[in-house]
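To find a chain, count down the sequence lines: A is the first, B the second, and so on, and within it residues start at 1.
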Amino acid sequence: QKEVEQDPGPLSVPEGAIVSLNCTYSNSAFQYFMWYRQYSRKGPELLMYTYSSGNKEDGRFTAQVDKSSKYISLFIRDSQPSDSATYLCAMSAGAYSGAGSYQLTFGKGTKLSVIP
Amino acid sequence: GAVVSQHPSRVICKSGTSVKIECRSLDFQATTMFWYRQFPKQSLMLMATSNEGSKATYEQGVEKDKFLINHASLTLSTLTVTSAHPEDSSFYICSGLAGVREETQYFGPGTRLLVL
C-alpha cells in the first residue's frame, strides 16, 4: 500500500460546479496536510495548509482533514475555468518528528478540467 | 505565501555540457531546500535535500557526482547537471522549507531542461 493514495482522474466538471478532491494515507505520523495546485509547466503553488483534523476555509476553497479515517479533502466551490490544473495533496510529520520527517509525501495528483 | 524563484526558466544545451540552475528564496530564509524532478504527467520525485553550509543528502538512485548541489547561503541553492545527456531532460523544481515548525514547502516555478 502506498503511503498516499490520490485518484489521478482526469476529472472534468462544468463551470460553477462544486469539486471534491480526496487523498487517503497510511502513515499516522503525518500531522501537516497541504494542497498544491500545479498548472502545466509550472511549479506547484501552495493552496491550503492544515494542521491536524478539522476544516479550513479560504475563499472558494475548503480543506478537510479527518485523521481518524486518514482521509483529506479539498472542496472547490463555484469552480472556474482558471481552476483547471493538477491538484496535489502532500503531507509531512513535521521537522521535529525525526530525521527527514519534514519531507513531503505527495499524492500522484488529480488533473481537473473546468469546462466553460 | 513565501516566494521562491528559479533561473533559468528554460535551458537547451548540447550533450556533454554542464548546466547550472539557481534557486532563491526571495522573502524568507531557507535553511533547507529541496530539489525535485518531474517527468510529464508524473508527480514530483525528490532528488536531494540541501542544507545550508553542509553537504546535500541524495535520494537513492540519484547520482551525487552528476547532480551537484551547493547551498552556500540561506537564500540560494544551486543544482549543476554535469555532463548532461538527453535522458537528463526533465522539469527541475526546487523548494524552500518554511513555516514555524518547518512543516511546509514553497516551490519555485521550475526549470525545463532539454539536452540535445
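Heavy atoms of other residues, nucleotides or ligands lying less than 6.0 angstrom from CZ of Arg60(A) number more than 12. When the shell of 6.0 Å around NZ of Lys111(A) is examined, it contains 12 or fewer heavy atoms from other residues, nucleotides or ligands.
Tyr49(A) and Leu104(A) fall within the same hydrophobic cluster, defined by Ile, Leu, Val, Met, Phe, Trp and Tyr side-chain heavy atoms under 4.5 Å apart, directly or through other members. Leu112(A) and Phe75(A) fall into different hydrophobic clusters, where Ile, Leu, Val, Met, Phe, Trp and Tyr are joined by side-chain heavy atoms under 4.5 Å apart, directly or via other members. Linking ILVMFWY side-chain heavy atoms closer than 4.5 Å, directly or via other members, places Leu113(B) and Ile93(B) in two distinct hydrophobic clusters. Both Phe106(A) and Tyr51(A) are members of a single hydrophobic cluster when ILVMFWY side chains are connected at heavy-atom separations under 4.5 Å. Both Tyr87(A) and Leu11(A) sit in one connected hydrophobic cluster of ILVMFWY residues. Membership requires side-chain heavy atoms under 4.5 Å apart, directly or through other members.
Gly107(A) and Ser43(B) make their closest contact through O-OG, 3.1 Å (heavy atoms, listed as atom of the first residue, atom of the second, distance).
With a 4.5 Å cut-off on side-chain heavy atoms, Tyr32(A) and Thr104(B) do not count as touching. Gln105(B) is listed as a side-chain neighbour of Tyr36(A), based on a closest heavy-atom distance under 4.5 Å.
The closest side-chain donor-acceptor pair between Gln38(A) and Gln38(B) falls under 3.5 angstrom.
Separation of atoms NZ (Lys42(A)) and CZ (Phe107(B)) is listed at 16.0 Å; rounding is to 0.5 Å. In this structure, NZ in Lys108(A) is found 11.5 Å from CG in Leu44(B), a value given to the nearest 0.5 Å.
If you tally non-hydrogen atom pairs under 4.5 Å between each of Leu88(A), Thr86(A), Leu46(A) and chain B, the highest count goes to Leu46(A).
At a heavy-atom separation below 4.5 angstrom, chain A is approached by Leu46(B), Thr49(B), Asn51(B), Glu59(B) within residues 46-61 of chain B. Residue-level contacts of residues 2-36 of chain B with chain A, in order of numbering, are Thr32(B), Phe34(B), Tyr36(B); threshold 4.5 Å between heavy atoms.
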